[in-house]
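Everything on this sheet refers to the single structure shown next.
A note on names: the letters A, B, ... follow the listed sequences, proteins ahead of strands, and every chain is numbered from 1. As the structure is a computational prediction, the values presented were derived from the model and not from experiment. Basis for what follows: all heavy atoms, side chains included, without hydrogens, waters or symmetry-related copies.
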Protein chains: 4
Amino acid sequence: MPKISYKQREGRRQQILEAALACFAEDGFHQTGMADIVKRSGLSHGAVYLYFQSKDDLIEALADDRHRRETVLNSVAQGSGDPIEGLHALVRVYAQWLTDPAGEARRRVGIHGWAEALRNRRVRTSVVEGIDMPRALIVALIERGQHAGLIKRDLSADAIARVLIAIFQGFVLQKCWGEDVDVEACMAAVAGVIEGFRATKSDMKRRTRA
Amino acid sequence: MPKISYKQREGRRQQILEAALACFAEDGFHQTGMADIVKRSGLSHGAVYLYFQSKDDLIEALADDRHRRETVLNSVAQGSGDPIEGLHALVRVYAQWLTDPAGEARRRVGIHGWAEALRNRRVRTSVVEGIDMPRALIVALIERGQHAGLIKRDLSADAIARVLIAIFQGFVLQKCWGEDVDVEACMAAVAGVIEGFRATKSDMKRRTRA
Amino acid sequence: MPKISYKQREGRRQQILEAALACFAEDGFHQTGMADIVKRSGLSHGAVYLYFQSKDDLIEALADDRHRRETVLNSVAQGSGDPIEGLHALVRVYAQWLTDPAGEARRRVGIHGWAEALRNRRVRTSVVEGIDMPRALIVALIERGQHAGLIKRDLSADAIARVLIAIFQGFVLQKCWGEDVDVEACMAAVAGVIEGFRATKSDMKRRTRA
Amino acid sequence: MPKISYKQREGRRQQILEAALACFAEDGFHQTGMADIVKRSGLSHGAVYLYFQSKDDLIEALADDRHRRETVLNSVAQGSGDPIEGLHALVRVYAQWLTDPAGEARRRVGIHGWAEALRNRRVRTSVVEGIDMPRALIVALIERGQHAGLIKRDLSADAIARVLIAIFQGFVLQKCWGEDVDVEACMAAVAGVIEGFRATKSDMKRRTRA
DNA sequence: TATGAATGAGACTTCATTCAT
DNA sequence: AATGAATGAAGTCTCATTCAT
């Protein structure tokens, strides 16, 4: 017979995760002390350990949380008709995510997670799965486009997907460092990049000849 | 009157920096202990502190080191004639840097530096300058190309530069996480992206009409 | 007006004491957590604290419990006729207690209690009284035997009693450490020891001469 | 090139072990904090961990220390001629050890070690070896005596050894609890016990008949 | 210059106990 | 009476840095 309801329990969990997120965003995983998280959460040391086994558990919970959110993010732009339009839609979704002021902390923690992924297997798995998801999505779109003759065939679908993902990873970095990034303009450039993948008449001719 | 020659002193410094680089690459800045660096350098605690004031100083020295190396890297592809060819040349240089097995540690430490840049002003400055350098280079090339009618004019030069830089940042991440990145194919895709920025006849017409 | 019957209350108390006994036997007093006892008892933290004021209270209750059981044990072999036979009877009773498999936990906790007695006055009192009881019994038997000329007079009754008690204390240790103790043989040796205390003809002569 | 000599280092080690011994004697292993040991040793927290890996390491070092001292203790009474006299010699050695005021702390820690042996394999091994040493010694003496017809043959040598060892274990307990033990008288009783093992004329007759 | 033993603040985590429900 | 979530002091241990040698 639990003393508090599932909802209450989940609320406390979120309270702690939010505190951890804020702390980690400010100072990174390893420069943040449990005391910081405890203080920020408004709970006690013991209470935090009632919900998470360890600091690492907290880090991994946030990694999982991020993973879950990205799953949702990707699902948004899944079943479009026109592949090229699908890519544009995906870019719009990620652009929105990139500029959402409420997501700043999450983006910063994301970067710390990228570094942590280099030495923590569990975090790496979560991070890699997090980019494999959109990659699979993009690859599917591109291959469909290539089949339909809408996208250049001389480029590897996987490579294109990696390029698009890399662009967003780089943007996250540049934005979080406080660079004066004109996201509008950048998105236009990305749109240009995508348009650049569109098969031209000469591509079709070349293909016919080949 | 220095007790040891400049050359000796510089040698010791490098010895320490190399040890630090190796340790940081493995475990990140904050999970690496000074003891690890001391052991790996083959020197003593005291000796390390004779050359560097603190662990942060060491981190910042490595950031500066990176900055210096990137300056050299950029200078390679500076004065080309054809702007588009210049971009391709730059990409080749960075692609080489990306795949150099000897640079793995540096790339990993670079990622840790990206995270550290979020909380250490000095590191951030170094990192940001490190991307501002190639950015200025790329912007110059592109603006030259746009003036000459070789590159589409409807895209911001800065945005294009940021996209290209972002691509490489993302590639560093994806490679260092152990992803199975086909760098050749990716570089072809990047080349395709650059070609996509090339002004077409319709662009010219559009421009004439405008 | 108690809310639950005395019987129920006593049942709960025993339930807790049994859980504590099992835990303490496994891990000692200070390495056992209240949480372990709570879990093993099947009750709640709060419930345990309704019956015992503190962990120390629990430890002391078990010490008292032991004390009470030993009182019973001693009373068994009290009023024999022949003093020597009385000693043998006492040894048999303790030998039985030593080999009873169901008493293993109690013996182990007993040892932890011996250590605890060094720093907890209340536990020490309980332990010391626990050995003073059989000691008094043995002293009485021996003095009776010495008066009757059945037991050597040149040995202090108290010393003999302490020796006999010490033997059993040592056996508890050796058995609980998992030593391969042949209890039968040891009891035979103890019987031999007791027989050794029997006055011989030469003792009687010596006494007459003195 | 060590900064301090072996002697200095060993001195520090002893300093810490002595502090630990005093603390453990007072409060047991698990109620003693590292802070207590640190304070008593006059060193710093870090210094203690420079010499011992952990609190458990400290406990085990003391167990080993005890083991080493007991080896010396046993070696004292090894090669006697007359087996019975050998037993008496051994008893005298242990009696001395038992009454040495400077050994009080060690005896108390010994008791805590007996309890700890129930749950710490390493400590148990050390403790058990510590009693196996004198046991082997006693068994050898007794078997020699039995062969020579000086000691009763109907008692197991091992059992007699265990009895003698148990006696001293029990004495340690009784003394450390502050009992008013008349060690002189007890030793006389133990001597009596040993004399009781001596083969009598009737034993010899019985043996001849058998 | 160079050493490495020493420092001590602070890291993470546990756990006996309480108290609102 | 009974629950179990919450508390927070205290536990063990680490580690960047210093300083006597």
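The residue among Q53(C) and Q31(C) whose nearest nucleotide of DNA chain E is located toward the 5' end is Q31(C). Checking A35(D) against S44(C), the closest nucleotide of DNA chain F that is more toward the 5' end is the one next to S44(C). Heavy-atom nearest nucleotides on DNA chain F were determined for A47(A) and for M34(B), and the one closer to the 5' end corresponds to A47(A).
In this structure, OG on S44(B) lies 14.0 Å from NZ on K39(B), to the nearest 0.5 angstrom.
Salt bridge status for R69(B) with D65(B): present, with a side-chain N to carboxylate O gap under 4.0 Å. One finds a salt bridge joining E26(B) and R40(B) here, because a Lys/Arg side-chain nitrogen approaches an Asp/Glu carboxylate oxygen to under 4.0 Å. A salt bridge does not link E18(A) with R13(A): every distance from a Lys NZ or Arg NE/NH1/NH2 to an Asp or Glu carboxylate oxygen is 4.0 Å or more. Salt bridge status for R106(B) with E70(B): absent, with no side-chain N to carboxylate O gap under 4.0 Å. Looking at K7(D) and E10(D), no side-chain N of the basic residue comes within less than 4.0 Å of a carboxylate O on the acidic one, giving no salt bridge.
For dA1(F), neither phosphate oxygen OP1 nor OP2 lies less than 4.0 angstrom from any side-chain nitrogen or oxygen of R12(C).
Among the nucleotides dG4(F), dA5(E), dG10(E), the one closest to any side-chain atom of L50(D) is dA5(E). Checked against dT14(E), dG8(E), dT12(F), the side chain of K55(D) finds its nearest nucleotide in dT12(F). Comparing dC13(F), dA5(E), dA16(E) by their closest approach to the side chain of Y49(D) singles out dC13(F). Of all nucleotides listed (dC12(E), dG4(E), dT18(E)), dT18(E) comes nearest to the side chain of H45(C).
Between the OH atom of Y6(A) and the P atom of dG4(F) there is a distance of 19 Å, given to the nearest Å. At whole-Å resolution of the value, CG in D36(C) and C1' in dC15(E) are 10 Å apart. If you take CD1 of I4(D) and C1' of dC19(F), they are 15 Å apart, rounded to a whole angstrom. Atom NE2 in H30(A) sits roughly 15 Å away from atom C1' in dC15(F) (whole-Å rounding). What separates CG of D27(A) from P of dA11(E) is a distance of 11 Å, to the nearest Å. Between the CD atom of Q15(A) and the C1' atom of dA5(F) there is a distance of 13 Å, given to the nearest Å. Atom C1' of nucleotide dT7(F) and atom NZ of K39(A) are separated by 17 Å, given to the nearest angstrom. Atom pair I16(B):CD1 and dT1(E):P shows a separation of 13 Å (rounding to whole Å applied).
Pairs of Watson-Crick or G-U wobble type, with distances under 3.5 Å, assemble into runs of 3 or more in DNA chain E at these ranges: E:2-21 with F:2-21.
Within the nucleic acid shown, G33(B) comes within 4.0 Å of sugar-phosphate atoms alone, with no base atom in reach, counting heavy atoms only. Using a 4.0 Å heavy-atom cutoff across all strands shown, Y51(D) reaches sugar-phosphate atoms only and no base atom.
In summary, of the residues considered (R122(B), H30(B), R124(B)), a side-chain hydrogen bond (donor to acceptor under 3.5 Å, both in side chains) with E116(B) occurs for H30(B) alone.
By the 4.5 Å heavy-atom criterion applied to side chains, L17(A) and F52(A) are counted as neighbours.
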